[in-house]
Amino acid sequence: MESLFGRKKERKPGGTLVLYTTKHGATQRYAERIAQPLDALVKEAAYAKLAQAKTYDAIVLGCPVYAGKLKGLDFFADNIAELGDKRLVLFTCGLYDPAEADVRESLNSQIRQALGDAADRVAVFHLRGALRWSSLGLMERMLMKALLSQVRKKEASSRSETERLMLEAEGGVLDFSDEADLAPIVHAAHFGREADA
């Protein structure tokens, strides 16, 4: 199609679509970084359409963790049967360390509950995000203060590393994001489920 500015660029079928849900931006920042080496389209999952997604070879979905609960799994949960031939990659983004067995188990359980047996088709990665007090709304600040009040009641020796750092960063910024963690996700988008972390 011709335009005043020359030929309109048309996307060829294939490639990668990176979707995300975010509230304070950490998941979006990861999504944008993942998309760069893949030359992928990035968009909010709430605006994704199944018909468009089906024209891609791989779909990466970024889901934030708020108060221990995964948000934004709907696109995969609602459409996974229709995405049968796609390489599907899911990454979570939360403050608590997914290297801790209980954190990882909780996230994996939520994914399994949302996706059922189809969860086995998805390469899953867990990333750590960031907390910026300045971006929190009034209710979120109240919830964080209540959480930190509970943390303060614990013996110092029984606090997790994340809890200790949250106390230290109260009112400021706590950022665990690490772009080095993104290479396996990019690899999985290229090659599929066998690249799972």
Exercise. Does any non-hydrogen side-chain atom of K43 lie less than 4.5 Å from one of L19?
Worked result: yes

Problem set entry | Test item: L127 and L182 side chains (from C-beta on) under 4.5 Å apart, heavy atoms | yes

For this session: Search all heavy atoms of L17 against all heavy atoms of Y56 and return the closest pair with its distance.
Result: N-CD2, 3.6 Å

Exercise. Applying the 4.5 Å side-chain criterion to the ILVMFWY set and letting contacts propagate, would L50 and L88 be lumped into a single cluster?
Worked result: yes

Seminar exercise, completed: For L95 and A130, the nearest pair of non-hydrogen atoms, with its separation, is CD2-C, 3.9 Å

Problem set entry | Partner set under side chain to side chain donor-acceptor pair (under 3.5 Å) for S177, not counting sequence neighbours | D175

Exercise. In this structure, which one of I34, V124, L61 forms a side chain to side chain contact (heavy atoms under 4.5 Å, CB included) with F91?
Worked result: I34

Exercise. With distance as the sole test, does R87 use its side chain to make a donor-acceptor pair with the main-chain N or O of A189 at under 3.5 Å?
Worked result: yes

Exercise. For D117, does the CG atom sit with more than 12 other heavy atoms under 6.0 Å from it, leaving out its own atoms?
Worked result: no

For this session: Determine whether V186 and L38 make a side-chain contact, defined as any pair of heavy atoms from C-beta on separated by less than 4.5 Å.
Result: yes

For this session: Without swapping roles, check the side chain of R152 against the backbone of L147 for a donor-acceptor pair under 3.5 Å.
Result: no

Exercise. Is there a side-chain contact between I185 and V60 (heavy atoms, below 4.5 Å)?
Worked result: yes

Would you list the atom pairs, donor with acceptor, under 3.5 Å between side chains in residues 63-83 and any protein atom, with sequence neighbours excluded?
| residue | atom | partner | partner atom | Å |
| --- | --- | --- | --- | --- |
| Y66 | OH | K23 | N | 2.7 |
| N79 | ND2 | F75 | O | 3.0 |
| E82 | OE1 | K54 | NZ | 3.4 |

Exercise. In terms of side-chain heavy atoms, does E32 have a donor or acceptor partner in Q28 at a distance below 3.5 Å?
Worked result: yes

Exercise. If only atom types and distance count, is the side chain of S106 paired as donor or acceptor with the main-chain N or O of V103 below 3.5 Å?
Worked result: no

For this session: Measure across S160 and E100 and return the closest heavy-atom pair with its distance rounded to 0.1 Å.
Result: CB-OE2, 4.1 Å

Seminar exercise, completed: d(T92 OG1, L107 CG) to nearest 0.5 Å is 5.0 Å

For this session: Look at E105 together with R112 and state whether they make a salt bridge at an N to O cut-off of under 4.0 Å.
Result: no

Problem set entry | Criterion side-chain contact (heavy atoms from CB on, under 4.5 Å) on E163 and L148, from CA distance to verdict | CA-CA 8 Å; E163 290 170 336; L148 293 180; over 6 Å; no

Exercise. What residues form a side-chain contact (heavy atoms from CB on, under 4.5 Å) with S158, not counting sequence neighbours?
Worked result: K154, E155

Seminar exercise, completed: d(Q52 CD, I59 CD1) to nearest 0.5 Å is 9.5 Å

Exercise. Are the side chain of R128 and the backbone N or O of D178 linked by a donor-acceptor pair below 3.5 Å?
Worked result: no

For this session: Mind listing the closest non-hydrogen atom pair of A26 and G129 along with its distance?
Result: CB-CA, 4.4 Å

Problem set entry | S109 and Q113 side chains, donor-acceptor separation under 3.5 Å | no

Problem set entry | Close side-chain approach of L167 to V151, heavy-atom, < 4.5 Å | yes

Seminar exercise, completed: Between A40 and V18 the two heavy atoms that sit nearest each other are CB-CG2, 3.8 Å

Exercise. Do F125 and L90 come within less than 4.5 Å of each other through their side chains, counting heavy atoms only?
Worked result: no

For this session: Answer whether the closest heavy-atom distance between the side chains of R121 and L115 falls below 4.5 Å.
Result: no

